[in-house]
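Worksheet: the structure to be examined is printed underneath.
Below, each value reflects all heavy atoms present in this structure, side chains not excepted, and no hydrogens, waters or symmetry copies. Remember, it's 1-based here, ligands and their atoms both numbered in the order they're listed. Values in this document were obtained by computation on a predicted structure and should not be read as measured data.
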Amino acid sequence: MSDAHLVLEGVKHSYGEGDKAVHVLEDAYLSVKSGEIVAIVAPSGAGKSTLLHIGGLLERPQAGEVTICGTPTMGLGERGRTLMRRDTIGYVYQFHNLLPEFSALENVAMPQLISGYTSNSAQNRAQTLLDMLNVGPRALHRPAELSGGEQQRVAIARAAANHPRVILADEPTGNLDPETSDLVFKALAGLIREEGAAALIATHNHDLARKADRIVTLRRGRVEPITL
Ligand code: ADP
Ligand code: MG
């Protein structure tokens, strides 16, 4: 197996049909290695979320192949894709998407419980991750009792809970102030490097993008390298 954990090849995707079709991805190629952080910076509507959804197996492209840790996924059925998502992929949304009625700790433990870990080991791992992200003392609070930056760090801990080989983050600091963005991005990057995951992070923030190993953009539906 190559060390490219996430490989997109010839990915094509459009929404709608006929005259109304929006061709978002035309022939997109991208490969992200273990421990590598790739930032994707492109104008709104360029197709960043679409690319992340496809890489995260939340959406199936109309053509092309998405290979996760050496396994081509286009031939997988829904069950296979769900298991791959659960065990191999961590996803961070712009708006944390935490379950409001559960504590931070429970939110982070949840994916591990679903994967069959014991309650004890899930809670230990959850607390370790929250500590690593400096939100340990807030573990028993519900999302509504946390600040935006704390909520995003809990969401990052949740995405990392099952030791994903691939982490996708869609504007994870998009609704945070600059100082908090910096803190959250550093926490995310530190975790990715520690876990040796391959990460693709969409961001509008050029300063944060420059902290990635590589920056790409989307032009005419293709992934292209850029420098900022
Ligand atoms: P970005 O994340 O870069 O802002 P998106 O991937 O969300 O871009 O969207 C790319 C294009 O696809 C936009 O023109 C958007 O309006 C369109 N689009 C996204 N999702 C859908 C959908 N479910 N149905 C129709 N059009 C969509
Ligand atoms: Mg988007």
task = Please check if a non-hydrogen protein atom sits closer than 4.0 Å to atom 22 (C) of ligand 1.
result = yes
request  = Can you pull out the closest protein heavy atom to atom 8 (O) of ligand 1? Residue, atom name and distance to 0.1 Å, please.
outcome  = Gly47 N, 3.2 Å
message = If we count only N and O atoms by modelled type, under 3.5 Å, do the side chains of His13 and Arg60 hold a donor and an acceptor together?
response = no
ask   = Please state which protein non-hydrogen atom is closest to atom 7 (O) of ligand 1 and give its distance, to 0.1 Å?
value = Ser49 CB, 3.6 Å
request  = May I ask you to identify the nearest protein heavy atom to atom 4 (O) of ligand 1, giving residue, atom name and distance to one decimal place in Å?
outcome  = Gly45 N, 2.7 Å
inquiry  = For Thr50, which part has a heavy atom under 4.0 Å from ligand 1: side chain, backbone, both, or neither?
reply    = both
query = Any protein heavy atom lying closer than 4.0 Å to atom 16 (O) of ligand 1?
reply = no
query = Just checking, any donor-acceptor pair under 3.5 angstrom between side chains of Asp3 and Ser34?
reply = no
ask   = Are any of the side-chain heavy atoms of Val22 and Ser14 separated by less than 4.5 Å?
value = no
inquiry  = Is Ala42 close enough to touch ligand 1? Criterion: a residue heavy atom under 4.0 Å from a ligand atom.
reply    = no
query = Which atoms of ligand 1 are found less than 4.0 Å from any heavy atom of Lys48?
reply = 1 (P), 2 (O), 3 (O), 4 (O), 6 (O), 8 (O)
query = Looking at ligand 1, does any of its N/O atoms fall within less than 3.5 Å of an N/O of Glu171?
reply = no
query = Taking non-hydrogen atoms only, is Ala202 closer than 4.0 angstrom to ligand 1 via side chain, backbone, both or neither?
reply = neither
Test applied, side-chain contact (heavy atoms from CB on, under 4.5 Å); reference residue, Lys211; option that passes from Leu208, Asp213, Ile215, Asp207 = Leu208
query = So, the side chain of Gln152 versus the backbone of Gln94: is there a donor-acceptor pair under 3.5 Å, distance only?
reply = yes
inquiry  = Can you tell me if, anywhere in Ser49, an N/O/S atom lies at a distance from the Mg ion (ligand 2) that is smaller than 2.8 Å?
reply    = yes
query = Ser44 heavy atoms, cut-off 4.0 Å: which ligand 1 atoms fall inside?
reply = 4 (O)
inquiry  = Could you go through Arg138 and Leu130, starting from their C-alpha distance and side-chain angles, then the distance that decides it, and tell me whether this counts as side-chain contact (heavy atoms from CB on, under 4.5 Å)?
reply    = CA-CA 8 Å; Arg138 315 292 283 150; Leu130 293 172; over 6 Å; no
inquiry  = Geometry only, no angles: is Val24 polar-contacting ligand 1 at N/O separations under 3.5 Å?
reply    = no
inquiry  = Given Leu200, which partner from the list Val223, Leu168, Ile167 fulfils the side-chain contact (heavy atoms from CB on, under 4.5 Å) test?
reply    = Leu168
query = Going by an N to O cut-off under 4.0 Å, is there a salt bridge joining Arg125 and Glu195?
reply = yes
ask   = Starting from atom 27 (C) of ligand 1, which protein heavy atom do you reach first, and at what distance in Å?
value = Tyr15 CD1, 3.3 Å
key: Spacing of Glu26 atom CD and Leu218 atom CG [to the nearest 0.5 Å]   = 11.5 Å
remark   = So the atoms of ligand 1 within less than 4.0 Å of a heavy atom of Pro43 turn out to be 3 (O)
task = Compute the shortest N/O to N/O distance between Val22 and ligand 1 and return yes if it is under 3.5 Å, no if not.
result = no
ask   = When rounded to the nearest 0.5 angstrom, what is the spacing between CD1 in Ile89 and CG in Leu52?
value = 11.0 Å
